[in-house]
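The next block holds one structure in the form of structure tokens; read it before the comments.
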Amino acid sequence: EGANTLELSHHPNSHVWTELSFRAGLLLVSLDTLPAADRLPRLLTWLQSYQDLFSAECCYCGRVLASSTSNPAALLPPTIRTVSRAAYHVHCYAAHSGRRDSDAEWCSTSTLKISNLDA
């Protein structure tokens, strides 16, 4: 069983899921600043923004895959999504906005109107 765990931890997709888990954790902590009724719709909209995770091009560099700053051998898709659903690699978002993540944008009471989850 140990060999299977080791193989899974080195699978290229494990880097993607690790990064997304990190982003989800940041968002969940930040959602506590919103009224309870706004949290679930905001979370669902955030999740839906990843429907094109493996096909969206980064709005900054124009590539689908780019090297991870923490592991240059790992190619990752854009794992940051803005409220406008723009996709960015972590380092591209930092270069574009000067920030490492977009969770504050998702938790602002003025930036996101959730009226249609299919938008």
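Side chains are part of it too, since the values below use all heavy atoms of this structure and drop only hydrogens, waters and symmetry mates.
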When you measure from the side chain of [X] to the backbone of [Y], do you find a donor-acceptor pair of N or O atoms at a distance under 3.5 Å?
{"X": "Glu105", "Y": "Val83", "value": "yes"}
{"X": "Arg39", "Y": "Leu31", "value": "yes"}
{"X": "Arg42", "Y": "Trp106", "value": "yes"}

query = Strictly by modelled atom types, are Tyr60 and His89 linked by a side-chain donor-acceptor pair under 3.5 Å?
reply = no
request  = Answer with yes or no whether the side chains of Tyr93 and Arg99 bring together a donor and an acceptor at under 3.5 Å.
outcome  = yes
task = Give, for atom SG of Cys58 and atom OH of Tyr88, the distance between the pair rounded to the nearest 0.5 Å.
result = 7.0 Å
key: CG on Leu76 to NE2 on His91, rounded to 0.5 Å   = 9.5 Å
Taking all atoms of both residues into account, what is the closest heavy-atom pair of [X] and [Y], and its distance?
{"X": "Leu20", "Y": "Trp46", "answer": "O-CH2, 4.3 Å"}
{"X": "Thr45", "Y": "Arg85", "answer": "CG2-NH2, 3.3 Å"}
{"X": "Cys107", "Y": "Leu27", "answer": "SG-CD1, 4.0 Å"}
{"X": "Ala56", "Y": "Arg81", "answer": "CB-NH2, 3.8 Å"}

ask   = Considering residues at least two apart in sequence or located in another chain, which fulfil the salt bridge (Lys or Arg N to Asp or Glu O under 4.0 Å) criterion with Arg63?
value = none
ask   = What residues, two or more places apart in sequence or in another chain, satisfy side chain to side chain contact (heavy atoms under 4.5 Å, CB included) together with Ser55?
value = Asp52
key: For Leu40, side chain to side chain contact (heavy atoms under 4.5 Å, CB included) partners two or more places apart   = Leu44
ask   = Quick one: salt bridge (charged side-chain N to carboxylate O under 4.0 Å, His left out) pairs with a partner in residues 87-96, sequence neighbours left out?
value = none
request  = Please determine which of Val90, Thr18, Leu28 meets the side-chain contact (heavy atoms from CB on, under 4.5 Å) test together with Arg23.
outcome  = Val90
Cluster overlap Leu43 with Leu53, hydrophobic side-chain contacts below 4.5 Å = yes
task = Kindly write out the residues that satisfy side-chain hydrogen bond (donor to acceptor under 3.5 Å, both in side chains) with Ser30, not counting sequence neighbours, or none if the list is empty.
result = Asp103
query = Got a sec, which hydrophobics cluster with Leu26, joining ILVMFWY side chains under 4.5 Å apart, including via others?
reply = Phe22
